[in-house]
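Both backbone and side-chain heavy atoms feed into the values below; hydrogens, waters and symmetry mates do not. Quick note: residue numbers are just sequence positions, from 1.
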Amino acid sequence: ASIDKGKLQGAYHALREENSYTTNLLWNDVPVHYFLEHMQYDSVMNGLIDGKLHYGYDKDDPGTLTGKGDFVVKDGQFRGEFIQSLLGSDKSEDVSTLPATLNFKTLKCDIQFVKNVVFTPTINLDSGRIDILDGSGQFIRDGDIDYTIPLAISPEMAETIPSMVKSFNL
């Protein structure tokens, strides 16, 4: 299927007697907002996404979800409200000085589904201002989130965050 200037292709295989299915998807240059809307997430970024995903489960037991894939969002931009929500209250002096948006070159992520847990063994963000270097984590559907996100912050970006200016020699 063509989506804007991108393409999405895939296959869906259902076993009626077992009430289970598998899905294989491959996409290139699709605007990321379509994926965010499909997953009922806020539109926190824009950009074009490439990726692939294979997953399946028994519809009678959502705990049987298994799958894996990867994706990369290219030439994107995070909304400022999203950055602020990650770093703290919008009333914080540090957060209010952050830029309204964060442009990035790439956001890369590997993803695995095991029962009701979604693992992201590798997350990398290349923005030149705030970069994520080999982050990883997991979240439980409708439950806890546990991530390790190592950040590299450019000196120019750090100079806009008052607590960093106070705490470090920049």
Side-chain angles (χ1 to χ4, degrees), residues 1 3-4 6-90 92 95 98 101-102 104-127 130-152:
I3 302 175
D4 289 351
K7 288 188 177 184
L8 173 77
Q9 60 189 31
Y12 174 85
H13 184 259
L15 296 173
R16 292 179 195 225
E17 61 278 356
E18 295 178 16
N19 203 23
S20 64
Y21 72 91
T22 59
T23 300
N24 291 297
L25 297 170
L26 178 66
W27 60 93
N28 296 87
D29 294 328
V30 175
V32 71
H33 74 85
Y34 289 114
F35 288 88
L36 295 171
E37 290 167 10
H38 175 73
M39 295 183 298
Q40 299 178 348
Y41 289 144
D42 292 335
S43 184
V44 298
M45 75 174 94
N46 62 34
L48 298 177
I49 187 171
D50 296 344
K52 63 183 179 289
L53 185 63
H54 168 80
Y55 67 95
Y57 80 98
D58 181 333
K59 289 184 179 182
D60 296 325
D61 182 3
T64 60
L65 178 65
T66 60
K68 65 180 180 175
D70 58 77
F71 65 86
V72 60
V73 180
K74 304 169 292 190
D75 300 320
Q77 183 179 71
F78 283 108
R79 285 186 13 212
E81 300 88 20
F82 176 68
I83 299 166
Q84 290 177 353
S85 71
L86 291 177
L87 298 177
S89 164
D90 56 7
S92 162
V95 175
L98 291 174
T101 58
L102 177 65
F104 60 88
K105 296 171 194 148
T106 57
L107 170 64
K108 296 179 182 180
C109 186
D110 295 325
I111 191 165
Q112 297 173 343
F113 305 113
V114 180
K115 298 184 180 181
N116 66 337
V117 180
V118 178
F119 295 94
T120 48
T122 307
I123 304 168
N124 291 293
L125 173 70
D126 178 10
S127 80
I130 298 177
D131 295 339
I132 298 174
L133 311 167
D134 294 324
S136 64
Q138 67 185 36
F139 66 91
I140 299 172
R141 291 184 307 180
D142 302 321
D144 296 331
I145 297 175
D146 182 14
Y147 276 86
T148 300
I149 308 288
L151 295 176

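- Across every non-hydrogen atom of H33 and S43, the tightest pair is CB-OG, 4.3 Å.
- Enclosure of atom CD in E17 by more than 12 non-hydrogen atoms of other residues, nucleotides or ligands within 6.0 angstrom is indicated.
- The closest donor-acceptor contact from the side chain of T64 to the backbone of D58 lies under 3.5 Å.
- Here the closest heavy-atom approach between residue I111 and residue D70 is recorded as CG2-N, 4.3 Å.
- Between N24 and the options H54, K52, H13, Q9, a side-chain hydrogen bond (donor to acceptor under 3.5 Å, both in side chains) holds for only H54.
- A perpendicular orientation is assigned to the rings of Y55 and F113, their planes being inclined by more than 60° (bins at 30° and 60°).
- Within the 4.5 Å cutoff, the side chain of L125 has heavy atoms near those of the F78 side chain.
- Contact between G135 and P150 at its shortest, heavy atoms only, is CA-CD, 3.6 Å.
- Annotation: the span from I49 atom CD1 to L107 atom CG amounts to 8.0 Å, rounded to 0.5 Å.
- Scanning all heavy atoms of the two residues, the minimum distance from K108 to V72 falls at CG-CG2, 3.5 Å.
- Of all heavy-atom pairs spanning T120 and C109, the tightest one is CG2-SG, 3.6 Å.
- Between the CG atom of D61 and the NZ atom of K115 there is a distance of 9.0 Å, given to the nearest 0.5 Å.
- For the atom pair CG (D131) and CG (D126), the distance works out to 5.0 Å, reported to the nearest 0.5 Å.
- Between the D42 side chain and the V44 main chain, no donor and acceptor come within less than 3.5 Å of each other.
- Looking only at side-chain heavy atoms (C-beta outward), N124 and T106 stay at 4.5 Å or farther from each other.
- Atom NZ of K68 has 12 or fewer heavy atoms from other residues, nucleotides or ligands within 6.0 Å.
- The shortest distance between side-chain heavy atoms of Q138 and V114 does not fall below 4.5 Å.
- Nearest heavy atoms, E18 versus D60: O-OD2, 4.4 Å.
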Report the C-alpha separation of D75 and L48 in whole Å, then their side-chain angles, then the decisive distance to 0.1 Å, and conclude whether the side-chain contact (heavy atoms from CB on, under 4.5 Å) test is met. CA-CA 7 Å; D75 300 320; L48 298 177; over 6 Å; no
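- D29 has no carboxylate O lying under 4.0 Å from a charged side-chain N of K7, or vice versa, which leaves the two without a salt bridge.
- Taken from OG in S127 to CD1 in I132, the straight-line distance is 8.5 Å, to the nearest 0.5 Å.
- Formation of a donor-acceptor pair under 3.5 Å by the D4 side chain with backbone atoms of G6 is not found in this model.
- Looking at F35 and W27, their side chains come closer than 4.5 Å, going by heavy atoms from C-beta outward.
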